[in-house]
Amino acid sequence: MKIEVRGVLKTYRSLRALDFVSLEIEPGQIVGVLGANGAGKTTLLRCLAGIAAPDKGEVLFDGEPFRRDRLDMRSRLYTMPDFPFFFWEHSIVRNLAMILRVYDADSPGNETRVLQLLRDFDLLPLALRRVQSLSRGQIYKAGLVAMIAADRDVWLLDEPFASGMDPHGIDMFKQYALEAVRRGRTVIYTTQLLDIAERFSDRLCLLDAGEVRAFDSLENLRMRVHDKGNVLEELFRQLREGGST
Amino acid sequence: MKLYAPEFEKALKQGIRHAIHSDAKLQKEYRRAKGRRRPIWAFYMSRLVFSCMLAASVSTVLNLTNHPETALAVVVLWTLAAASFLSALLAPSRLHGSDVRALQLLPVSDFTIYLFRRDKILGFHSMVLLDMLVGLGTLAFLLALPWPSWLGLPVIAGLAWVFNVALAMFVAAKFPRFRTGWLASGVTLLFVAWLIGNRYDGPQMIAALDFAAPTLNLVLPTGWPLDFFHFLAGGSCWPPILGLVPIAYIIWSYQNCERLVSGRFTYQEPSVALESSEQVPEALVQAGAQAGRPVGVTAITEGILSRDCFVLPYWDEDWVQRILWRWLTPREQILANFVFPKPLTMIRPWGRIMRHLLIATVVWQIMRILIPSMENIVLIFAMMVPLLEVLNQSWPAGAAFRTVRTFGIRISLLAPYPVAFQEISNLLLKCTVIQLPAVAAIVTCLSLTYAASHSLPWLNGLLMGLRVTLLLMALRLALLVLNFGSMSNDTSRSWQRTLVALFVCIFEICLFVGLAALALFIPAEPWAWLSGVSLVGTQYGFLCFYGWLWNRGSIDLMSMDAR
């Protein structure tokens, strides 16, 4: 699904979280959104997910303006906030069952995939535990299982690499995300971990004070800096020093 | 109790301010991030409304009875509610506020945490001192006391407040099982009942209060220090002086009582049950039990592969539920499981409400024989309890409006999922409409009881019951908008929006109150019904309008915490 963000302005009272942001994201890519704290990364994800309403501008999916009552459009997205939204008093399996049903993704045959995902993320022995009894990393993994099992066109993830997941969980997420991108899915995630972003993204979006300072592939960004081994670090240094990227 | 160094904080703030002012870039950043703060005086101003309500009550009671004793009893009852409320807050289980969890991580003792919490609670309780000053001041003004007497008012109010705190601590320490919260709620309900039923039952209630006032002032502990007011008004000084003995004892025992209360305060981590057995197929559980082992990975695997774990509850508990289930569209059935993870029970709660209504009616009949002057007060209570139960049962919301807090922002639980406004509102409205006959039955019973108690024709009672049912339906629609709005920052995004929202709210309230008044009080039946139907129609229109705003993305599905 092609995503277009056209001149989106989003303010929280006097704070401009997004300052007329425009982007175009082709399907089948992993896009890393980077920026300092308060740069507007999470707000951008929320605008894409329809949680936050832009003050101006619009978000288009496959050329059509996004509306909250367009369930066909909304069900092509899956949003993972920094902490998965679950019913805490219920088990992982019950939560998965409810979420997959809302996405109409609980058709016969998908249970094998769910089982495989639970195994891969080391959640199978915990599948009947209440969500509230799990650790932060385990809850995030359960959220990823729901996301991967739902298999939507666009995956929106807020800070997946700072979610408390263990190295194995992170590795599994990367494998599944890469496999999904090969099938034409789009993965958009925010992060502060520059080395992961450099290795894991097809395109990188640098936000600063609500403005897009760069949106390009790593190769093209490399052309803009002197230190070719630490592209993002140098770009961030330039941003802090007030230079243009 | 301060867990920080005020001097350090002051110096730090000054340093930050200086650093920001000396750097243009930081200044720009500061202005960008700066938000409006909710002023602290706003809280005190809103709390002042309660003090004014007390003053108004004192004034009304004195005007109607001309007995200062009775007006003083109003202040006594008010402070009794305050002391009960404070005592309930001092119970060890209630001392576990959200900040206690954070404080527990610091290297401080339980006693220090207790002191921090106690000071916070007492800080809020300090407003009761203002209540006393306002209440006694109103009484002194209406009795035209000479100015030297006014000098004694702060002393009496101060003594009464100190005693109030000591009394609350005494009860919390010596009678920890005593339901002080219930007492506070009872007295508050009494005030509410008086406010609501003032038109019909005010005189009887005031007569009852007038009759009981001397006893109340003598028997209720909160009356002992306030009795000194008679001394200022030129009354006998002996009864208040006699009261000094228990007052001194309770104040003297404060330290011991506090030691008891703080000794019981030990923080315990909240614990949860690990296993959730709802998805485990019964056969697997039995097999596990026979083999003497818990449900293991093999059983879970079998449960998932057989799809038993994916079977969500089918609403089949009673015949009303079955009708509702058939009425819901397949998509609404899915959402019903999502919004109500536990199926919504239907018949059982209505049976319970009916039982409560019967009990309340019997109690009312007994009371009208035993104490005829209390008949109307009991009737109001008797009607209020089932009515609140009716509203609770017929206006279910489940998890539809539940929010998740992440770093200062509350986001609706359903916001990230593909769920439409109309779907949620339709589901909730169907849950209400299916219970409408039961609502009408209970409300009509209440209305008929009221008509019988006031010797009104039964037909009037019947029609009034049906009109009230219509009103409740309209109220449900209006509250749905408020429920959706509660998850959003639609009233706080900018001052222009706040202004527009305020205007719409005032218009909506005026429209609602106007049409509801016509529907309830207009004698001509056709016009009353027309008003009632218009009320429901306008509220439905309002809901649709809000839904339109929601769909076109004019409203955020999240709200920010107050700064």
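Chain identifiers are assigned alphabetically (A, B, ...) following the order of the sequence lines, protein sequences preceding nucleic acid strands; residue numbering begins at 1 within each chain. Just so you know, these numbers use all the heavy atoms, side chains as well, and skip hydrogens, waters and symmetry mates. Treat the numbers as computed from the prediction; the structure is a model and nothing was measured.
The parts of B:Y417 that come within reach of chain A are both its backbone and its side chain, each placing non-hydrogen atoms under 4.5 angstrom from that chain. Residue B:R307 touches chain A through its side chain alone, counting heavy-atom pairs closer than 4.5 Å.
Two residues are said to be in side-chain contact when any heavy atoms from C-beta on lie closer than 4.5 Å; A:T112 and B:I304 fail this criterion.
Here the CG-CD1 distance, from A:D106 to B:I334, works out to 7.0 Å after rounding to the nearest 0.5 Å.
A:D104 CG: 12 or fewer foreign heavy atoms inside a 6.0 Å radius.
When the heavy atoms of residues 57-64 of chain A are compared with those of chain B, none of the residues falls under 4.5 Å. Below 4.5 Å, heavy atoms of chain B meet no heavy atom from residues 158-166 of chain A.
Checked against A:I51 for a side-chain contact (heavy atoms from CB on, under 4.5 Å), the options B:I409, B:I411, B:D556 give a single hit: B:I411.
Ring centroid separation for the pair A:F87 and B:F338 comes in under the 6.0 Å cut-off.
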Stepwise salt bridge (Lys or Arg N to Asp or Glu O under 4.0 Å) test for A:R68 and B:E423: CA-CA 12 Å; A:R68 287 206 187 109; B:E423 288 181 318; over 6 Å; no
Test side-chain contact (heavy atoms from CB on, under 4.5 Å) applied to B:T301 and A:R119, step by step: CA-CA 10 Å; B:T301 307; A:R119 266 208 197 100; 3.8 Å; yes
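Side-chain atoms of A:R74 come within 3.5 Å of backbone atoms of B:V419 as a donor-acceptor pair (strictly under, hydrogens ignored).
Residues A:V102 and B:R331 share a closest heavy-atom pair of O-NH1, 3.0 Å. Between A:G50 and B:L557 the shortest heavy-atom distance is O-CD1, 4.0 Å. Nearest approach of A:F85 to B:P416, heavy atoms of both residues: CD2-CG, 3.4 Å.
Ranked by heavy-atom pairs under 4.5 Å with chain A, the list B:L335, B:L413, B:N337 is led by B:L413.
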